[in-house]
Amino acid sequence: MTEQQTVSNPATEESSRTYEVRTFGCQMNVHDSERLSGLLEDAGLSRKPEELNDDVADVVVFNTCAVRENADNKLYGNLGILKNIKAERPGMQIAVGGCLAQKDRDTILKKAPWVDVVFGTHNIGSLPTLLARSEHNKKAELEILESLDVFPSTLPTRRESVYAGWVSISVGCNNTCTFCIVPSLRGKERDRRPGEILAEIQALVDDGAIEVTLLGQNVNSYGVEFGDRLAFGKLLRACGEIEGLERVRFTSPHPAAFTDDVIEAMAETPNVMPQLHMPLQSGSDKVLKDMRRSYRSKKFLGILDKVRERIPHAAITTDIIVGFPGETEEDFQATLDVVEASRFSSAFTFQYSKRPGTPAASLEDQLPKAVVQKRYERLTALQDRIAKEENAKQLGRTVEVMVTEQSGRKAEETHRLAGRSQDQRLVHFSVPEGAETPRPGDLVTLPVTEVAAFHLISDPSIDQYSLRRSRAGDAWDRSQAESCGVPTPGASNAAGRTNLGMPTLKVRS
């Protein structure tokens with residue numbers, strides 16, 4: 001019996017204890033948080049009910065990011081709020097994990113000695129053991145490993161939703177981008193075997209999921225560890241053989257490793273969606289060199305041309321950093337030129353900020369904040385215009401939308417539901433009077449009747465509206481019944497454990 005198994009039983013007896021996982025960061029953080037939730041539920045804790053938003057759980061876990069600006073301020077601000085609450089709650093525990101924990105280590109316990117557990121990116125599976133050890137020894141536990149202990153995807157999982165979500169195919173990164181701290185915190189790339197990935201996807205589909213997003217730090221370099229540079233394209237094609245899997249996406253590829261066989265696999269595999277997230281970072285070849293991004297703008301634009309030649313309706317999104325050290329007005333103009341030529345449907349845009357521990361943090365010619373801010377505003381104004389122009393091309397098109405749980409901020413006012421089209425555009429739509437209302441996971445086919453920069457709108461007539469009830473919608477019904485304690489005939493007996501979760505990430509178009 002392992003140490004983790006021996007500490008699970010006492011926690012199981014204390015099933016009234018609740019937990020919450022607060023996630024700061026990227027898709028990989030969200031993926032890890034699903035595993036952390038699964039581990040805590042395996043140890044006998046229950047998730048804090050959503051309706052108790054003002055309450056704090058008995059165990060609060062922060063899964064942190066070290067890439068985002070002000071990540072440490074956000075963490076310590078939250079820890080400060082919990083300090084007095086914990087002082088009045090005997091038995092309450094606080095744990096901090098993720099990239100910031102891997103980087104700062106014992107600094108967290110020095111700044112916030114009321115934290116009970118600090119763990120890193122390589123040993124998330126140790127969380128239940130560390131919580132039990134801290135409670136038994138009445139002192140904080142710090143455990144940071146330098147290499148991966150257990151591949152996160154093999155751990156118990158508490159998925160966020162039943163119809164779509166992440167499937168990790170690799171962890172870590174072999175690149176050395178000067179602005180990025182991920183390689184030092186996540187380690188070198190480690191690839192899962194194709195059979196393991198496909199088995200996980202099949203299990204999720206069997207449980208009702210119809211969409212997956214393949215996740216990796218550089219997803220298209222998958223296979224480098226076991227010596228097959230065509231492995232990612234093969235994996236996409238293999239996903240096309242899984243019956244019941246209707247939508248396959250992936251994020252994020254690296255332009256330097258993006259090969260023609262992947263484009264062919266995308267074009268020839270029907271359930272691989274016509275959508276691509278391709279990080280640009282900068283349109284200036286000089287800045288790309290300073291960033292150690294091993295491609296140049298010509299190669300980047302060439303990839304987009306090939307994708308659009310084979311997949312004409314593909315929607316392409318990107319990441320861009322403004323104000324990298326030494327960026328001149330000429331360099332920034334080159335970025336604007338590439339953005340104009342690329343016609344991105346949306347973009348994640350960032351102002352460069354120093355990340356301690358990265359080579360770029362010590363570069364000369366750090367730009368004044370005011371200069372970076374003005375350039376950022378010019379870039380976002382350009383991208384907003386392009387996004388609206390690209391969305392305008394969708395007007396009158398008929399799109400298939402997978403309905404999501406989130407309906408948007410104006411849902412009560414507009415009475416519209418929301419979902420994602422095959423190319424990942426956000427669509428707000430109304431249900432015609434007399435038509436059946438879809439469930440999350442169901443698919444509706446309808447015309448685009450109005451466009452904006454950040455979304456599409458459909459207000460169809462009843463003869464323009466088509467609903468396809470799906471297995472994912474059935475799974476949604478089962479999960480709702482189980483969450484209310486009312487089992488549905490034929491429902492899974494592991495609600496929330498093998499379900500597939502698609503986190504919502506804020507995008508700046």
Side-chain angles (χ1 to χ4, degrees), residues 19-33 35-36 39-40 56 59-87 92-131 133-135 137 139-150 152 171-173 175-188 190 217 350-363 366:
Y19 78 89
E20 58 180 303
V21 179
R22 303 184 186 182
T23 308
F24 305 149
C26 66
Q27 299 99 320
M28 192 64 76
N29 290 93
V30 176
H31 176 271
D32 287 348
S33 290
R35 267 63 189 176
L36 293 170
L39 287 162
L40 293 170
V56 176
V59 176
V60 180
V61 182
F62 292 94
N63 188 16
T64 64
C65 174
V67 177
R68 309 296 188 188
E69 187 176 7
N70 297 322
D72 51 352
N73 292 338
K74 188 172 184 179
L75 170 65
Y76 292 118
N78 275 266
L79 291 177
I81 292 171
L82 291 183
K83 179 181 180 181
N84 293 334
I85 297 174
K86 187 174 189 292
M92 180 182 172
Q93 292 183 291
I94 301 173
V96 179
C99 292
L100 194 64
Q102 186 79 22
K103 180 175 74 73
D104 284 359
R105 305 180 182 228
D106 55 355
T107 301
I108 293 173
L109 293 177
K110 291 176 182 177
K111 290 186 174 182
W114 55 93
V115 169
D116 299 279
V117 171
V118 177
F119 61 102
T121 59
H122 299 305
N123 61 318
I124 65 175
S126 302
L127 177 60
T129 299
L130 295 171
L131 287 167
R133 190 185 298 161
S134 175
E135 184 177 25
N137 295 336
K139 69 181 186 69
E141 293 290 332
L142 169 68
E143 183 176 284
I144 305 290
L145 302 185
E146 298 304 323
S147 59
L148 196 64
D149 181 19
V150 177
V171 295
C173 179
N175 293 314
T176 58
C177 302
T178 56
F179 58 81
C180 185
I181 199 169
V182 166
S184 64
L185 302 180
R186 294 275 182 181
K188 292 292 185 181
R190 294 280 304 277
Q217 215 73 54
F350 306 92
Q351 296 186 40
Y352 172 79
S353 62
K354 284 187 178 183
R355 308 315 297 150
T358 62
S362 59
L363 290 177
Q366 302 283 332

*Approximate separation, where rounding is to 0.5 Å, of L36 CG and R22 CZ*: 14.5 Å
*Identify the heavy atoms of L79 and I94 that sit nearest to each other, and give their distance.*
CD2-CG2, 3.7 Å
*Hey, what do you get for CG (L100) to CG (N63), rounding to the nearest 0.5 Å?*
10.5 Å
*Provide the closest heavy-atom pair for I124 versus L39 in the form atom of the first, atom of the second, distance.*
O-CD1, 3.3 Å
*Could you tell me the separation between the CG atom of N78 and the NZ atom of K83, rounded to the nearest 0.5 Å?*
15.5 Å
*State, yes or no, whether a side-chain contact exists between Y19 and L131 at a heavy-atom distance under 4.5 Å.*
no
*Identify the two heavy atoms, one from K86 and one from W114, that lie closest to each other, and give their separation to 0.1 Å.*
CE-O, 3.2 Å
_Minimum heavy-atom separation for R105 and Q102, please, with both atom names._
NE-O, 3.0 Å
*asked:* So which atom in F24 and which in L75 form the shortest heavy-atom distance, rounded to 0.1 Å?
replied: CE1-CA, 4.1 Å
*Do M92 and V56 have side chains that get closer than 4.5 Å, going by heavy atoms?*
yes
*Would you check, one step at a time, whether the test side chain to side chain contact (heavy atoms under 4.5 Å, CB included) holds for F179 with L363?*
CA-CA 10 Å; F179 58 81; L363 290 177; over 6 Å; no
*Look up atom CG in N123 and atom CD1 in I144, then write down how far apart they are to the nearest 0.5 Å.*
6.5 Å
_Approximate separation, where rounding is to 0.5 Å, of L127 CG and R35 CZ_ = 15.0 Å
*Using a strict cut-off of less than 4.0 Å between a Lys/Arg side-chain nitrogen and an Asp/Glu carboxylate oxygen, indicate whether E141 and K139 qualify as a salt bridge.*
yes
*What are the two closest non-hydrogen atoms of Q217 and C173, and how far apart are they?*
CG-CB, 3.9 Å
*For the pair L82 and F62, evaluate side chain to side chain contact (heavy atoms under 4.5 Å, CB included) and give the outcome as yes or no after the intermediate values.*
CA-CA 12 Å; L82 291 183; F62 292 94; 3.6 Å; yes
*Please answer whether the main-chain N or O of G97 pairs with a side-chain N or O of T64 as donor and acceptor at a distance below 3.5 Å.*
yes
_Reported OG-to-CD distance for the pair S134 and E143, which is rounded to 0.5 angstrom_ = 12.5 Å
